[in-house]
Amino acid sequence: MSNSLRLKAINSVAGRTVSSKAVKNCDVSAIYGEDVFNLKIMKDYLPKPVYKKLLSTIMNGESLDSKIADDVANAMKRWAISKGATHYTHWFQPLTGTTAEKHDAFIEPENDGSVSLCFSGKSLIQGEPDASSFPSGGLRATFEARGYTAWDPTSPAFIKRDENGATLCIPTAFCSYTGEALDKKTPLLRSIQAISKQAERLLACFGEKCTSRPYTTLGIEQEYFLVDKNFYLARPDLIQCGRTLFGKVPAKHQQLEDHYFGSIKPRVLAFMSEVDQELWRLGIPAKTRHNEVAPAQFEIAPLFEELNLAVDHNMMIMETLRLVADRHGFACLLHEKPFAGVNGSGKHNNWSLSGAGKNLLEPGSDPHQNAIFLTTLCAIIKAVDSHADLLRVAVATAGNDHRLGANEAPPAIISVYLGEQLADIIEQLEKGPAKSAKKGGFMNIGADTLPVLPKDATDRNRTSPFAFTGNKFEFRAVGSSQNCAGPNIVLNTIVAEAMDEISSQLENLNKKDFNTGLQSILTDIIKKHKRIIFNGNNYSKEWHDEAAKRKMFNLHNTPEALERWAMPENIAMFKKYGVFSDTEVKSRLEIFEENYKTVTKIEAETALNMAKTMIIPAAVEYQSKLVDNVAKLQQIKVTAGVASQIAIIEKIGSLLKAAEDAVTALEAGVAAVDSAKCIAAQGELRKAVDQLEQIVDDRVWPMPKYGELLFVY
């Protein structure tokens with residue numbers, strides 16, 4: 001029966017035709033942003049004075065004037081109805097790590113039995129979803145149900161469509177009745193405000209006046225897997241856990257490196273084309289698509305945007321990937337490690353900071369002379385070294401534990417990669433003023449018909465968790481399923497602290513002593529924090545040994561990392577910059593710990609169920625067939641091949657015993673709610689099961705194997 005399901009799935013894929021709808025040409029400029037209440041639409045729909053006030057809030061971070069709320073709501077309603085919307089929702093990001101929405105119709109009954117379509121300023125600015133069932137980490141009792149959503153005007157409203165209609169989605173923050181943040185957006189906005197304020201102070205020290213607030217930018221590269229839905233539905237572990245709990249890597253997987261940047265299969269390309277079109281309609285600047293390293297693994301990357309919007313857009317990208325995949329007969333896997341033994345999935349967090357009309361991380365042609373750049377760079381080095389533990393906590397999840405430290409991901413040790421040019425400048429600064437900068441030069445490729453290419457001053461380092469890549473820092477340790485708000489809350493806050501401390505020193509300098517004082521400040525930072533800089537191979541054992549000598553954090557897993565989250569110095573920093581209160585910090589710790597325990601328990605119980613009801617019965621069935629066959633051969637006194645079959649029977653018996661022992665240990669771990677015991681026992685169970693997969697007759701193995709999941713699509 002199980003083999004029949006697998007064959008049906010294979011036949012289904014073989015007979016599938018590419019969707020013609022998705023591959024049709026489209027006028028990108030015509031559809032781009034058509035489902036977004038963006039500045040262009042606002043200008044068309046709003047009275048000029050109202051538009052100007054709202055624009056000041058969006059562009060300069062000024063407080064929203066509540067007097068314009070009714071005008072904005074009316075315009076938004078008229079636009080949404082013209083797009084076919086019948087409902088609106090406050091779209092928010094609770095501490096589940098996903099998004100949430102409660103739909104309300106625009107209708108208001110009239111006395112004569114008819115209805116009118118209404119949407120007030122009050123409904124726009126504030127909503128009241130039931131908050132009792134969302135994680136709060138002890139911030140509120142379960143019976144205290146009231147929570148509030150508050151409109152975030154800096155992220156535009158958009159239309160979400162399905163086959164049955166359309167809904168106006170209004171990005172919002174989410175807080176409790178007593179004012180604590182119950183979401184990821186609120187502290188993210190607070191952290192953006194904190195770093196904006198400190199960046200403005202720092203720029204003022206250099207005589208740079210900001211006509212608009214400094215802002216952080218973000219570009220998020222999203223990795224994911226696609227598997228055929230027929231195979232997905234035959235794997236309880238994929239359905240329940242998002243990853244395979246069992247499975248042996250096939251003989252061929254990613255060793256030949258032939259999938260990376262390879263030609264995209266027509267069915268996948270049709271899916272990607274529809275994803276791009278859906279995202280463009282939502283004003284999401286999807287730019288790049290390609291095959292990733294592992295078979296069945298892919299990546300999508302949009303252009304840089306302001307950080308808050310980029311985070312919202314990434315949440316929309318993940319949802320779009322899942323929905324469009326389903327329409328194409330795929331399941332989209334966003335787990336960090338869906339398949340053991342092959343590349344996992346990350347979410348490269350490309351972060352930068354702009355102000356006074358410039359990217360503060362743009363080195364320029366002579367970075368040793370660019371004082372603002374060097375000061376910003378030193379602030380980041382100081383921040384990362386001072387709070388490497390917090391950055392590690394920000395990417396600590398049960399899923400990411402399977403990826404961090406493997407050959408496709410940075411290790412659990414947080415270090416900074418600068419590249420040859422900047423490393424040279426930093427060395428000069430440590431000793432005194434930087435006097436020169438290594439140039440990039442040119443590459444001669446060796447064929448007369450090819451152009452001479454300008455050479456970047458620094459190479460990339462894919463093994464580094466926090467790497468400088470030209471005019472930004474790439475935080476490579478973020479997990480593919482994560483909401484990027486968490487890592488960027490930490491990054492914004494720690495850099496704000498470093499800039500605050502540097503600005504306080506610079507503000508006390510006399511004008512004539514400024515350059516000398518700046519030099520002294522930067523030199524001191526480098527001497528104190530240079531241990532965080534490493535330009536070599538982060539995967540090597542030598543680096544792990546060296547990091548230990550440098551007394552750097554090496555937090556191997558989520559429980560180890562979480563111990564650092566609510567340290568007194570971390571709570572004090574978050575409070576100082578208004579990002580988290582002490583109760584909000586502690587509530588997050590409780591939520592992180594509970595999530596980790598819950599995920600490991602779900603995986604353990606799923607593994608138990610699969611082992612006891614699918615895998616062990618299949619192995620016993622095959623063993624019984626061999627026993628029957630041996631008995632029949634012995635009855636007719638045939639000896640050839642009997643010994644080898646008996647050896648297989650004994651091997652299966654040995655593996656069944658190992659599996660049953662692991663099941664017993666796993667059951668004990670589940671009963672004790674002990675994540676460490678569950679993980680250890682689950683590892684032993686997988687060892688036995690994966691060996692059984694290589695022995696048991698393929699016709700009775702109960703679920704699709706890696707060779708089918710990764711290659712048949």
Side-chain angles (χ1 to χ4, degrees), residues 18-41 79-80 83-85 89 91 93 98-99 101 152 154-163 165-171 217-226 264 267-292 297-328 330-334 345-350 478 480-485:
V18 176
S19 168
S20 60
K21 173 191 171 187
V23 295
K24 289 181 179 178
N25 291 330
C26 72
D27 185 345
V28 179
S29 60
I31 69 169
Y32 192 85
E34 68 177 11
D35 282 343
V36 185
F37 194 67
N38 53 30
L39 293 179
K40 180 178 180 298
I41 300 297
W79 171 77
K83 291 289 182 179
T89 181
W91 184 81
Q93 299 169 33
T98 58
T99 59
E101 53 197 60
D152 171 19
T154 64
S155 184
F158 59 93
I159 299 290
K160 182 187 283 191
R161 298 187 180 279
D162 60 35
E163 294 178 356
T167 303
L168 171 66
C169 296
I170 304 161
T217 61
L218 185 66
I220 304 171
E221 303 167 43
Q222 177 71 57
E223 295 174 341
Y224 61 94
F225 280 82
L226 293 175
I264 302 170
R267 183 183 172 197
V268 175
L269 191 57
F271 155 79
M272 289 180 167
S273 297
E274 188 172 348
V275 167
D276 281 343
Q277 291 178 32
E278 293 269 329
L279 297 179
W280 291 336
R281 287 189 175 92
L282 292 168
I284 300 173
K287 177 73 172 177
T288 302
R289 62 190 189 195
H290 63 83
N291 289 358
E292 252 300 332
Q297 187 185 33
F298 309 95
E299 181 178 292
I300 182 172
L303 294 171
F304 276 68
E305 301 178 280
E306 284 202 39
L307 194 151
N308 179 45
L309 184 59
V311 169
D312 283 0
H313 279 175
N314 181 250
M315 299 304 291
M316 294 156 67
I317 286 171
M318 290 196 290
E319 182 174 353
T320 301
L321 288 171
R322 287 189 289 258
L323 291 173
V324 176
D326 188 64
R327 294 202 287 265
H328 286 257
F330 286 121
C332 176
L333 306 180
L334 292 168
S345 293
K347 186 179 299 190
H348 299 169
N349 191 93
N350 295 283
V478 182
S480 53
S481 68
Q482 280 191 267
N483 183 323
C484 278

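Treat the numbers as computed from the prediction; the structure is a model and nothing was measured.
Annotation: the span from Q297 atom CD to H290 atom NE2 amounts to 9.5 Å, rounded to 0.5 Å. The structure places CD of E278 at 10.5 Å from CE of M316, a figure rounded to the nearest 0.5 Å. Note that OG of S481 is 12.5 Å distant from CD of E223, once rounded to the nearest 0.5 Å. In this structure, CZ on R327 lies 7.5 Å from CD on E163, to the nearest 0.5 angstrom. For the atom pair CZ of F225 and CD of E292, the computed distance is 8.5 Å after rounding to the nearest 0.5 Å. Rounded to the nearest 0.5 angstrom, E274 CD and L279 CG are separated by 10.5 Å.
Contact annotation: the side chain of V478 never approaches that of I220 to less than 4.5 Å [non-hydrogen atoms, C-beta and beyond]. For the pair L321/Q222, a side-chain contact is recorded, criterion being any heavy-atom separation below 4.5 Å from C-beta on. Side-chain atoms of S273 and R289, non-hydrogen and from C-beta on, do get closer than 4.5 Å to each other. Side-chain contact between L218 and N349 is present, with at least one heavy-atom pair separated by less than 4.5 Å. Taking the side chain as every heavy atom from C-beta outward, P171 and T154 never approach each other to under 4.5 Å. By the 4.5 Å heavy-atom criterion applied to side chains, P302 and H313 are not counted as neighbours.
Checked against side chain to side chain contact (heavy atoms under 4.5 Å, CB included), N291 has the following partners two or more places apart in sequence or in another chain: H259, I264, F298. Considering only residues two or more places apart in sequence or on other chains, T98 meets the side chain to side chain donor-acceptor pair (under 3.5 Å) condition with T96. Taking the side chain to side chain donor-acceptor pair (under 3.5 Å) definition, one finds that D312 meets it with Q93, S155, K185, sequence neighbours left out. Remark: D27 engages S29, A30 in a side chain to side chain contact (heavy atoms under 4.5 Å, CB included) (not counting sequence neighbours). For E305, the salt bridge (Lys or Arg N to Asp or Glu O under 4.0 Å) test picks out no residue, with sequence neighbours left out. In this structure, the side chain to side chain contact (heavy atoms under 4.5 Å, CB included) partners of T167, at least two apart in sequence or on a different chain, are H87, T89, H103. Residues passing the side chain to side chain donor-acceptor pair (under 3.5 Å) test with T99, sequence neighbours excluded: none. Remark: D326 engages K229 in a side chain to side chain donor-acceptor pair (under 3.5 Å) (not counting sequence neighbours). Here K83 pairs with E34, D35, W79, I159, R161 under the side chain to side chain contact (heavy atoms under 4.5 Å, CB included) rule; sequence neighbours left out.
The backbone N or O of H328 lies less than 3.5 Å from a partner atom in the side chain of R267, making a donor-acceptor pair. Between the side chain of E221 and the main chain of A301, no donor-acceptor pair closer than 3.5 Å is present. Without hydrogens or angle criteria, K160 side chain to C169 main chain gives no donor-acceptor distance under 3.5 Å.
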(request) Decide side chain to side chain contact (heavy atoms under 4.5 Å, CB included) for V311 and N483; before the verdict, give the C-alpha distance in whole Å, the side-chain angles of both, and the deciding distance to 0.1 Å. (result) CA-CA 7 Å; V311 169; N483 183 323; 3.4 Å; yes

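Taking each heavy atom of Q277 and I31 in turn, the nearest pair found is O-CD1, 4.0 Å. When every heavy atom of W280 is checked against every heavy atom of C26, the shortest pair comes out as CZ3-SG, 4.3 Å.
The side-chain tip of R322 does not point at the ring of Y224 from less than 6.0 angstrom away and within 45° of straight on.
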